[in-house]
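Written below as structure tokens is the structure these notes are about.
Predicted, not measured: the structure shown is a model, and the values here were computed from it. In what follows, chains are A, B, ... by sequence order, proteins preceding strands, each numbered from 1.
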Number of protein chains: 2
Amino acid sequence: MARRQRSSLTDVAHAAGVSIATVSRAMSQPEMLRADTLERVRAAAARLGYRPDHVARTLASGKSHTVGVVIPTLNSPIFADTLQEMQRSLDAAGYQLLVASHEYDPAGEFAAVDKLLAHGIDGLVLVGGSRPEATWKLVESAGVPVVQMWCGRSDHACVGVDNHAAGELVARHLLALGHRRIAVITGRLRHNDRQRARLEGIRAALSEAGVALPAAYLTEQALSVPGGRVGCSILLELADRPTALIGTVDVIAIGAIAECHARGIAVPEEMSIAGIDNIELAAHVSPSLSSVEIPATRIGSETVERVLALIADMTKAGHVMLPIELVERHSTGRPGETR
Amino acid sequence: MARRQRSSLTDVAHAAGVSIATVSRAMSQPEMLRADTLERVRAAAARLGYRPDHVARTLASGKSHTVGVVIPTLNSPIFADTLQEMQRSLDAAGYQLLVASHEYDPAGEFAAVDKLLAHGIDGLVLVGGSRPEATWKLVESAGVPVVQMWCGRSDHACVGVDNHAAGELVARHLLALGHRRIAVITGRLRHNDRQRARLEGIRAALSEAGVALPAAYLTEQALSVPGGRVGCSILLELADRPTALIGTVDVIAIGAIAECHARGIAVPEEMSIAGIDNIELAAHVSPSLSSVEIPATRIGSETVERVLALIADMTKAGHVMLPIELVERHSTGRPGETR
DNA sequence: TGACAAGATGTAAACGCTTTCATTACGCGT
DNA sequence: ACGCGTAATGAAAGCGTTTACATCTTGTCA
């Protein structure tokens, strides 16, 4: 297993009988060379199996053609969709995506950002705007363009949705169906502005309708199917059992449906359940899940567009709010008998 | 937004009144310095907010402390689990994970590998062993240690499971329940040795029991829930309807359950359905899905262990087969009335 | 045919770090 | 106080590119 036998510019230059500058140009600005020279260099490069060294290139040019993204977790269908699209769009633009995750830990996020920055990324993508000042300072001192996804602070570009409105949307849907005892299962709120905004939206819609959200009707759980199950079972034990449940993300709502199933509680007859995100699976559980469509793929493509624009010229780009919409399916209905 | 104001070794050296070599050592081999010098350098570095430049470091040392992984898709719960764990383990070892995906396209995989290699990765992780010779050549000529995941060619290290055995396991389970008309929904077999091995395992178990797998009982679909639904609906239209369905991955099996639900076909009474992977969701759909546990997380950690070992000394490591096991749940049962 | 502009190629200095080798400083025994 | 071995530090040469800037070819036009 030969070690580092990759040939360098020098080797190719020597083989083609030209200077390394010429070879460099043959690689990056072929139109500057005379046709026969270009041909000669290309032949030599091919013969030697030359591959440009991205690391050296980055050091010399200061441009890495790489965009870093820091996400809470890889284990989420919605982030996966967004990442997939980012990878696609960046690739099409000749850029590479560098992914780091931190499991919802602010210190981990700082470390991830630091690493990415040290890797010489040209642009940085973060999720949400809520993080320690130290992290923001780090980003700003690096002078690298940033764009936030989902939601974010107003002093940096952002491509997202109105999470508050998403919360309102689900809540209003349930209210319109006649529900008055509506409980909520959210993810951990600390360090998570998306979850907080959704919850606030729900609160706003509820209080606007004169409906209270008692503390007992709110439970914070892991952002996962089991999290949803746990949350649901807690709410089902309540003396004053709710008639409807909102999961602030679909995976939680799906967990809640599973728990009701396991307990023989009919959805939506005895319990209406709704989520937010409209992940692919939402349409395929039974009953199919009413949810709020969040255009994850589009967030990905628009984010890439923004970050590439910022890299090209460092003008500040504003906030982009993508449209969301309620998708009614079969997990929600009018409240049943009043117990 | 200041540009590249990151301070360099030179700045710190100047501020601390030492040479850049000393600063470099203060960063990487602090034990070589006298306590007071070290302190002085550290203070200067802190004052200037110095952060080492990973790119320069890589170029100078030839070590990038980065491992690249190329996966078919980010949009798969099982890969997500593995990646998550790889990220964790690598991080703990001071390494960074570089992820690229290619949507099951061999040309895309080649491009991804090429990019990763150009990025100066110290180690490479691939999924499966089935790819064009050109890709293997590229990898080998780079002299970078490789480890395959899930399954792979014997001339390179591999951490995986016996996919053939996994196929046998599900098939035998269904046979043991008394099924004789067993149909299979797989992912695309071309370029996917995991899928092929699982299918072969199923075939082997079937033929061993003297049961045929007619061509009509086999359908290739997308590796997704909708893929499973489509496959299932095709099989349900058959005149000689099967009594059991195997999805070679859980998401397909879950799609099949959804389709049966939608058509009012009782699972498992009228149709038994089983999968492979045992993703988290499998336990929470209804009926809960019988599946074969594939230790995705452990594949991640063992893979990292192997690749780091290979980076440390280039001795060839062999193949590791992780244990798998059947998890019986409620989606499978004895065949019902014979129609 | 000669001069010149434009185009093609070469030279060499970065980029920020690691690392080898040389040099200097230090502690100790006598 | 001297010399010596060792520990600490410095000088400088890369690592493989990019990119001014300098130099050398061309072709063109008077």
Side-chain angles (χ1 to χ4, degrees), chain A residues 3-42 44-45 48-66 115 117-122 142-143, chain B residues 3-42 44-45 48-66 115 117-122 142-143:
Chain A
R3 199 81 204 99
R4 272 256 152 244
Q5 56 193 23
R6 283 176 84 113
S7 38
S8 70
L9 271 193
T10 318
D11 302 325
V12 179
H14 196 260
V18 297
S19 75
I20 63 166
T22 301
V23 183
S24 172
R25 287 180 191 119
M27 298 297 132
S28 9
Q29 340 180 29
E31 69 284 359
M32 280 192 68
L33 267 48
R34 238 177 34 209
D36 60 329
T37 317
L38 180 57
E39 190 38 52
R40 200 148 36 98
V41 173
R42 286 205 167 138
L48 295 176
Y50 170 75
R51 311 248 154 208
D53 182 329
H54 190 262
V55 177
R57 196 172 259 202
T58 300
L59 182 61
S61 69
K63 252 70 219 32
S64 68
H65 286 259
T66 293
K115 258 192 180 170
L117 253 20
H119 267 267
I121 52 173
D122 293 338
Chain B
R3 201 77 204 103
R4 273 257 152 243
Q5 56 192 24
R6 283 177 84 115
S7 37
S8 69
L9 270 195
T10 318
D11 301 325
V12 179
H14 196 258
V18 298
S19 74
I20 63 166
T22 302
V23 183
S24 171
R25 292 194 264 258
M27 298 296 132
S28 11
Q29 339 182 33
E31 71 283 359
M32 281 191 67
L33 267 48
R34 239 175 34 208
D36 59 331
T37 319
L38 180 57
E39 189 40 51
R40 202 148 34 96
V41 174
R42 286 206 166 139
L48 296 176
Y50 170 75
R51 310 249 154 210
D53 180 329
H54 190 262
V55 177
R57 194 174 263 201
T58 300
L59 183 60
S61 70
K63 252 72 219 31
S64 68
H65 286 260
T66 293
K115 259 192 178 168
L117 253 20
H119 268 265
I121 51 174
D122 294 339

Q. Are A/Thr22 and C/dG10 close enough that a side-chain N or O sits under 4.0 Å from OP1 or OP2?
A. yes
Tabulate below the donor-acceptor pairs under 3.5 Å that side-chain atoms of residues 13-25 of chain A make, not counting sequence neighbours, or state none.
residue : atom : partner : partner atom : Å
A/Ser19 : OG   : A/Ala21 : N            : 3.4
A/Ser19 : OG   : A/Thr22 : N            : 3.4
A/Ser19 : OG   : A/Thr22 : OG1          : 3.3

If I take atom [atom1] in residue [X] and atom [atom2] in nucleotide [N], what distance separates them, rounded to the nearest angstrom?
{"X": "A/His14", "N": "D/dT17", "atom1": "NE2", "atom2": "C1'", "answer": "19 Å"}
{"X": "B/Leu38", "N": "D/dT9", "atom1": "CG", "atom2": "P", "answer": "9 Å"}
{"X": "B/Leu48", "N": "C/dG16", "atom1": "CG", "atom2": "P", "answer": "14 Å"}
{"X": "A/Leu59", "N": "C/dA14", "atom1": "CG", "atom2": "C1'", "answer": "9 Å"}

Which pairs of donor and acceptor atoms, one on a side chain in residues 29-37 of chain A, lie under 3.5 Å apart (sequence neighbours left out)?
residue : atom : partner : partner atom : Å
A/Arg34 : NE   : A/Asp36 : OD1          : 3.2
A/Arg34 : NH2  : A/Asp36 : OD2          : 3.3

Applying salt bridge (Lys or Arg N to Asp or Glu O under 4.0 Å) to A/Arg51 and not counting sequence neighbours gives B/Asp114
Sequence neighbours excluded, the answer for salt bridge (Lys or Arg N to Asp or Glu O under 4.0 Å) partners of A/Arg57 is none
Separation between CG (B/Asp53) and CG (A/Leu59), nearest 0.5 Å, reads 6.5 Å
Interatomic distance, OH@B/Tyr50 vs OG@B/Ser7, rounded to 0.5 Å, equals 8.0 Å
For nucleotides 17-26 of chain C, 5' to 3', base contacts (B), sugar-phosphate-only contacts (S) and non-contacts (-) with protein non-hydrogen atoms under 4.0 Å give BBBB-----S
With the side chain defined as heavy atoms from C-beta on, B/Met32 is closest, among D/dT9, D/dG16, C/dG10, to D/dT9
Scanning both residues in full, the closest heavy-atom pair of B/Ala142 with A/Arg6 reads CB-NH1, 4.4 Å
Those residues at least two apart in sequence (or on a different chain) that pass side chain to side chain contact (heavy atoms under 4.5 Å, CB included) with B/Thr66 are A/His119, B/His54, B/Ser64, B/Gln96, B/Leu98, B/Ile121
Overall bend of the helix from C/dT1-D/dA30 to C/dT30-D/dA1 (five pairs an end, 10° steps) is 50°
Report task. Remember a base hit wins even if backbone is also touched, and classify A/Val55 as base, sugar-phosphate or nothing at under 4.0 Å, heavy atoms. Result -> nothing
